[in-house]
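Report on the following structure.
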Amino acid sequence: MGTMIGVALPDVDVWSERVTVALGQNPGIFTGPGTNTYLVGTGPRRILLDTGSGVSAYPDVLAQAIERTGCDGLQEIVLTHGHIDHLGGVAQIREHFGSLPVSKLPDANDPDGLDFTPLADGAVVRTEGATLRAVHTPGHATDHLCFLLEEEQSLFSGDNVLGVGTTVIPSHGGDLLDYMRSLDRMLALAPRRIYPAHGPRIDDGVAKIRDYIAHRGARERQILDALAAGDAPIATIVERVYVDVPKVLHAAAGHSVAAHLGKLEREGRVCRRDARAPLEAVWGLA
């Protein structure tokens, strides 16, 4: 989930010998053209990575992807995290393709009845032609996993790195300090390619992650500069910092600023001038 506008992708596309993307049909400001779901492997049964949100058009798109790869069906479902546009289609896919195993990192907010196998950091999921190694990368969500495709040294980045735009750090379950540490961990993997949950394939994974780290650092400096001009609530900080961003995205930008301020508050660099919640409070330099 991030801020993405003006992106167009085909419903089904082959991105490598082992990776075919089937676009979840849930377009929006935060999902772009939809959530990328992936058929992974080279054998007759493939791993499905993420499921979309469960809209009615998706099973037909997934069936097209299965036909395009020439495989017979699905081996199992693996989830990057528990946001609805990633696991909302589990029941729908099981209805259409049978009672498939599902794996994810457990979280306190997991929906009842999901019936999944727990995945941990470092866990390995295999299918013919593909080995996925789970990498716990919280920050966008506490249960967020990326998956290294070992045969390619490519990375399924979930919502942590997007094909276009930037990742939202939500107020519920998000933590920018954790996210920055996760970006560092992803960079250490030196991925050749990145397969994101939203937007097109990224062909230079290392450069993209470095850009993400640099962008967050630059945004942090802008926020500190905005507060140097005087104490302010987040809405005012957004107006000072996001001068070239459409007003329709200012609410999302406010959550991003709140995430930065939460990190800076933990580091003792800013503080709230009152006891209100972050989005309503007046902030200042410590």
Side-chain angles (χ1 to χ4, degrees), residues 1-2 13-22 24 35-43 45-51 65 69 71 74-83 85-87 101-107 116-164 166-167 178-213 216:
M1 179 171 57
D13 202 5
V14 177
W15 282 2
S16 83
E17 175 189 2
R18 298 174 176 83
V19 178
T20 298
V21 63
T35 301
N36 296 336
T37 71
Y38 292 99
L39 293 174
V40 184
T42 60
R45 298 269 172 174
R46 309 287 171 98
I47 295 169
L48 178 65
L49 185 69
D50 284 341
T51 68
T69 66
C71 70
L74 305 178
Q75 171 183 303
E76 61 188 292
I77 296 168
V78 175
L79 300 172
T80 58
H81 62 296
H83 288 168
D85 59 313
H86 296 262
L87 62 65
V102 176
S103 300
K104 75 176 293 291
L105 184 72
D107 184 75
F116 68 91
T117 299
L119 277 182
D121 181 54
V124 173
V125 182
R126 292 185 174 90
T127 191
E128 185 175 329
T131 307
L132 296 179
R133 178 158 54 89
V135 185
H136 186 210
T137 48
H140 172 73
T142 56
D143 62 341
H144 195 284
L145 292 173
C146 293
F147 291 91
L148 185 69
L149 178 54
E150 293 187 346
E151 288 79 1
E152 295 184 4
Q153 192 62 25
S154 297
L155 189 68
F156 292 95
S157 63
D159 278 350
N160 273 14
V161 173
L162 309 178
V164 176
T166 56
T167 299
D178 287 346
Y179 177 71
M180 298 305 296
R181 290 169 176 163
S182 290
L183 289 180
D184 287 338
R185 188 173 190 200
M186 293 164 68
L187 183 61
L189 295 171
R192 295 173 184 170
R193 283 180 173 174
I194 289 178
Y195 301 119
H198 304 281
R201 185 184 70 195
I202 299 161
D203 287 327
D204 190 338
V206 168
K208 186 69 168 183
I209 296 169
R210 285 176 175 160
D211 286 346
Y212 260 49
I213 292 170
R216 291 289 178 175

With sequence neighbours excluded, what pairs up with Arg210 under the side chain to side chain contact (heavy atoms under 4.5 Å, CB included) test?
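Result, side chain to side chain contact (heavy atoms under 4.5 Å, CB included) vs Arg210: Leu187, Val206.
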
Using the side chain to side chain contact (heavy atoms under 4.5 Å, CB included) criterion, which residues pair with Leu105? Sequence neighbours excluded.
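Side chain to side chain contact (heavy atoms under 4.5 Å, CB included) check on Leu105 returns His136, Asp143, Leu145.
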
Okay, side chain of [X], backbone of [Y]: is any donor-acceptor separation there less than 3.5 Å?
X: Tyr38; Y: Pro196; result: yes
X: Arg193; Y: Glu152; result: no
X: Thr35; Y: His86; result: no
X: Glu151; Y: Gly41; result: no
X: Thr37; Y: Ala22; result: yes
X: Asp13; Y: Val21; result: no
X: Gln153; Y: Leu189; result: yes

Working to the nearest 0.5 angstrom, can you tell me the gap between [X] [atom1] and [Y] [atom2]?
X: Glu76; Y: Arg46; atom1: CD; atom2: CZ; answer: 13.5 Å
X: Ser16; Y: Arg192; atom1: OG; atom2: CZ; answer: 12.0 Å
X: Leu39; Y: Leu48; atom1: CG; atom2: CG; answer: 6.0 Å
X: Leu183; Y: Asp211; atom1: CG; atom2: CG; answer: 11.5 Å
X: His140; Y: Thr167; atom1: NE2; atom2: OG1; answer: 7.0 Å
X: Ile194; Y: Ile209; atom1: CD1; atom2: CD1; answer: 4.0 Å

Non-hydrogen atoms of [X] and [Y] that approach each other most closely:
X: Gly82; Y: Leu87; result: CA-CD2, 3.4 Å
X: Thr42; Y: Gly129; result: OG1-CA, 3.3 Å
X: Ala130; Y: Val40; result: CB-CG1, 3.7 Å

By salt bridge (Lys or Arg N to Asp or Glu O under 4.0 Å), which residues pair with [X], not counting sequence neighbours?
X: Glu150; result: Arg133
X: Arg216; result: none
X: Arg45; result: none
X: Asp204; result: none

If we only count heavy atoms from C-beta on, is the [X] to [Y] side-chain gap below 4.5 Å?
X: Met186; Y: Ser157; answer: yes
X: Val19; Y: Arg201; answer: no
X: Leu155; Y: Val161; answer: no
X: Val14; Y: Thr69; answer: no

side-chain hydrogen bond (donor to acceptor under 3.5 Å, both in side chains) partner of His81, chosen from Asp50, Asp159, Asp107, Asn160:
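The passing option is Asp159.
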
Would Val125 and Leu119 count as a side chain to side chain contact (heavy atoms under 4.5 Å, CB included) here? Give the steps.
CA-CA 9 Å; Val125 182; Leu119 277 182; 4.0 Å; yes

Carefully, step by step, assess Leu132 and Leu149 under the rule side chain to side chain contact (heavy atoms under 4.5 Å, CB included).
CA-CA 5 Å; Leu132 296 179; Leu149 178 54; 4.0 Å; yes

Scan Trp15, Tyr195, Phe147 and name whichever one has a ring pair (Phe, Tyr, Trp, His ring centres under 6.0 Å) with Phe156.
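The residue from Trp15, Tyr195, Phe147 that satisfies ring pair (Phe, Tyr, Trp, His ring centres under 6.0 Å) with Phe156 turns out to be Tyr195.
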
